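First up is the structure itself, then whatever we jot down about it.
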Number of protein chains: 2
Amino acid sequence: MSRQDSGVAVMAEQKQPNRERIVATANRLFYTKGYNQTSFAHVADELGLSKGNLHYHFRSKNELLDAVIDLRMESIKQMLARWEKQYPDGKARLKRYARILLNEEADVVRYGCPMGSLNMELAKDQRDLQQHSRDMLELFRRWLEKACKQIGRRDYRALSLHIMARSQGAAMMAALYADVGLLKAEYKRLVDWIEML
Amino acid sequence: MSRQDSGVAVMAEQKQPNRERIVATANRLFYTKGYNQTSFAHVADELGLSKGNLHYHFRSKNELLDAVIDLRMESIKQMLARWEKQYPDGKARLKRYARILLNEEADVVRYGCPMGSLNMELAKDQRDLQQHSRDMLELFRRWLEKACKQIGRRDYRALSLHIMARSQGAAMMAALYADVGLLKAEYKRLVDWIEML
DNA sequence: GACATATTAGTACCCTCGTCCTAATCTCTC
DNA sequence: GAGAGATTAGGACGAGGGTACTAATATGTC
């Protein structure tokens with residue numbers, strides 16, 4: 001019997017287990033400050049926990065990174081499954097993907113794409129860590145690939161990569177100039193292009 | 001009378017002043033390892049110099065970063081000036097820009113775009129440092145803007161940003177998958193698109 | 001209540017970081 | 001060659017990094 005299931009349900013006040021709170025906070029800090037610029041102490045301080053506590057749950061920083069990526073991947077999978085139900089049409093799916101950056105535009109403009117920027121950081125002399133981060137982007141790519149197949153394109157792989165490149169470029173430039181307008185302009189171009197496929 | 005000009009010319013064996021060697025090495029390490037992951041000690045070790053020596057030439061790491069960016073900007077300016085002579089036609093200029101990533105494809109595939117990745121790194125909680133890095137990209141953007149004007153486009157600013165976004169996206173995806181093919185594919189798409197303008 | 005386990009706090013360890021200081025050495029000018 | 005200034009080496013420093021260890025506390029089971 002796990003902890004949350006035992007005793008009277010405290011419902012709203014039931015606090016999240018520390019392990020999950022740690023992953024959630026690390027997730028945010030890895031995004032906003034960068035992986036290398038975030039320390040165990042940062043995460044612990046934000047939560048009012050001790051460094052030793054974090055080390056109990058995650059023996060190393062890599063392990064914490066893995067947990068963060070697992071969390072993101074889980075959330076991505078759920079989102080993609082939701083989209084599959086909401087948008088039966090292939091093109092509609094591609095457009096929905098394009099719109100993703102607009103959802104979190106304030107964050108994207110400040111910190112870039114969470115996946116892209118993390119991956120770029122790890123690509124530099126930390127290739128071992130990069131692998132897992134790549135898996136995350138592959139979730140999207142394969143989903144896009146499926147949608148491209150669905151609209152009868154034979155170059156589905158190339159198309160999926162191109163669409164991701166376009167959205168990565170948009171996120172990058174928007175963060176560079178800290179300008180939401182760039183995000184919207186690139187979104188529009190991309191959607192128009194998808195429409196013409 | 002400066003040091004290099006004095007005395008008998010040693011020509012080929014004349015070694016670069018240490019200051020320049022430091023900037024050149026820092027430039028490479030900031031690119032391949034990332035700014036935050038590169039320390040004074042790394043740079044000093046590679047050159048067989050002491051940390052104190054580096055501190056003599058650059059009192060802080062920011063100062064070294066500024067010198068690196070200045071070096072890059074100088075080289076960019078020269079390259080753009082060369083291109084202006086070589087390619088009088090606006091579209092040819094845009095295409096030449098698109099080809100830039102193919103020049104250094106081996107590096108781009110491993111470390112991404114030198115400007116984009118640096119900027120992304122500094123965008124995360126180090127906005128003060130980001131400014132100078134942005135100037136570097138602005139050199140390209142204004143040059144593209146001019147070429148767009150030249151071919152009679154009234155949306156020259158938007159176009160210049162879009163072209164940069166495309167190349168940034170290409171670099172990002174190529175580094176993500178460590179695949180030169182992606183770079184070439186995106187290059188081809190971009191050139192075709194420029195041709196249709 | 002007693003025990004085993006899971007969790008937490010606190011701290012100690014060793015390393016690297018960015019910066020700074022001092023003393024030696026080199027280079028050029030006179 | 002003597003003196004002045006530029007350059008270099010080497011190490012000290014305080015801070016913070018990731019990791020590990022120990023003791024205390026909370027939790028669940030019998």
Side-chain angles (χ1 to χ4, degrees), chain A residues 1-10 13-26 29-30 32-68 121-122 124-126 128-129, chain B residues 1-10 13-26 29-30 32-68 121-122 124-126 128-129:
Chain A
M1 185 155 64
S2 82
R3 197 154 136 223
Q4 0 351 14
D5 298 334
S6 70
V8 180
V10 192
E13 290 197 6
Q14 176 108 22
K15 75 164 182 239
Q16 228 179 345
N18 275 345
R19 192 179 194 286
E20 290 176 24
R21 296 177 45 207
I22 292 168
V23 177
T25 300
L29 291 178
F30 286 175
T32 58
K33 294 168 69 75
Y35 173 69
N36 289 311
Q37 296 304 297
T38 302
S39 70
F40 269 47
H42 287 139
V43 180
D45 283 354
E46 287 237 351
L47 291 166
L49 298 176
S50 67
K51 248 182 8 167
N53 193 340
L54 262 74
H55 179 69
Y56 169 75
H57 291 289
F58 306 95
R59 279 198 299 281
S60 75
K61 202 177 160 186
N62 294 1
E63 221 170 89
L64 179 53
L65 176 62
D66 283 342
V68 164
E121 191 179 354
L122 301 179
K124 291 187 180 286
D125 247 34
Q126 298 179 85
D128 45 331
L129 299 183
Chain B
M1 186 154 62
S2 84
R3 198 155 134 222
Q4 307 75 319
D5 298 334
S6 70
V8 180
V10 192
E13 289 196 6
Q14 175 109 22
K15 76 165 183 239
Q16 228 179 347
N18 275 344
R19 192 180 195 285
E20 289 176 24
R21 295 204 305 147
I22 292 167
V23 177
T25 300
L29 291 179
F30 286 175
T32 59
K33 295 168 69 75
Y35 173 71
N36 289 312
Q37 297 304 297
T38 302
S39 69
F40 269 46
H42 287 138
V43 180
D45 283 354
E46 288 237 351
L47 290 166
L49 299 176
S50 67
K51 246 181 11 164
N53 193 340
L54 263 73
H55 181 256
Y56 168 75
H57 291 289
F58 305 96
R59 279 197 300 279
S60 75
K61 203 178 162 185
N62 294 1
E63 221 171 89
L64 180 53
L65 176 62
D66 282 342
V68 165
E121 189 179 354
L122 301 179
K124 292 186 180 287
D125 246 34
Q126 299 180 83
D128 44 333
L129 299 183

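As the structure is a prediction and not an experimental result, all values here were calculated from the model. Excluded from the calculations below are hydrogen atoms, water molecules and symmetry mates; all remaining heavy atoms, backbone and side chain alike, are included. Below, chains carry the letters A, B, ... as their sequence lines are ordered, and counting in each starts from 1.
- Contact annotation: the side chain of B:Arg21 approaches that of B:Gln16 to within less than 4.5 Å [non-hydrogen atoms, C-beta and beyond].
- A donor atom on one side chain and an acceptor atom on the other are not found under 3.5 Å apart for B:Tyr35 and A:Asn36.
- Protein atom CD1 of B:Ile22 is 11 Å distant from nucleotide atom P of D:dT7, rounded to whole Å.
- Checking A:Gln37 against B:Asp125 by side-chain atom types alone, no donor-acceptor pair falls below 3.5 Å.
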Carefully, step by step, assess B:Phe30 and B:Leu64 under the rule side chain to side chain contact (heavy atoms under 4.5 Å, CB included). CA-CA 10 Å; B:Phe30 286 175; B:Leu64 180 53; 4.2 Å; yes
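- Atom CG of B:Asp45 and atom P of D:dT8 are 16 Å apart (whole Å).
- Residue B:Leu49 contributes atom CG, which lies 15 Å from atom C1' of C:dT25 at whole-angstrom precision.
- Put simply, A:Asn53 has a side-chain N or O that comes within less than 4.0 Å of OP1 or OP2 on C:dA9.
- Proximity of B:Tyr56 to the phosphate of D:dT7: a side-chain N or O atom is located under 4.0 Å from OP1 or OP2.
- To the nearest 0.5 Å, the span separating NZ on B:Lys61 from CG on B:Leu54 amounts to 11.5 Å.
- Atom NE2 in A:His57 sits roughly 16 Å away from atom P in D:dT19 (whole-Å rounding).
- With hydrogens and angles ignored, the 3.5 Å screen pairs no side-chain donor or acceptor of A:Thr25 with any backbone N or O of A:Val43.
- Atom CD of A:Glu20 is separated from atom P of C:dT7 by 12 Å (rounded to the nearest Å).
- Computed from coordinates, the B:Phe58 CZ to D:dT7 P distance equals 11 Å when rounded to whole Å.
- Put simply, B:Asn18 has a side-chain N or O that comes within less than 4.0 Å of OP1 or OP2 on D:dT8.
- Atom-to-atom, CZ of A:Arg19 to P of C:dT7 comes out at 10 Å; the value is rounded to the nearest Å.
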List the protein contact pattern of nucleotides 13-20 of chain C with one symbol per nucleotide (5' to 3'): B for base contact, S for sugar-phosphate-only contact, - for none; contact means a heavy-atom distance under 4.0 Å. ----SBBB
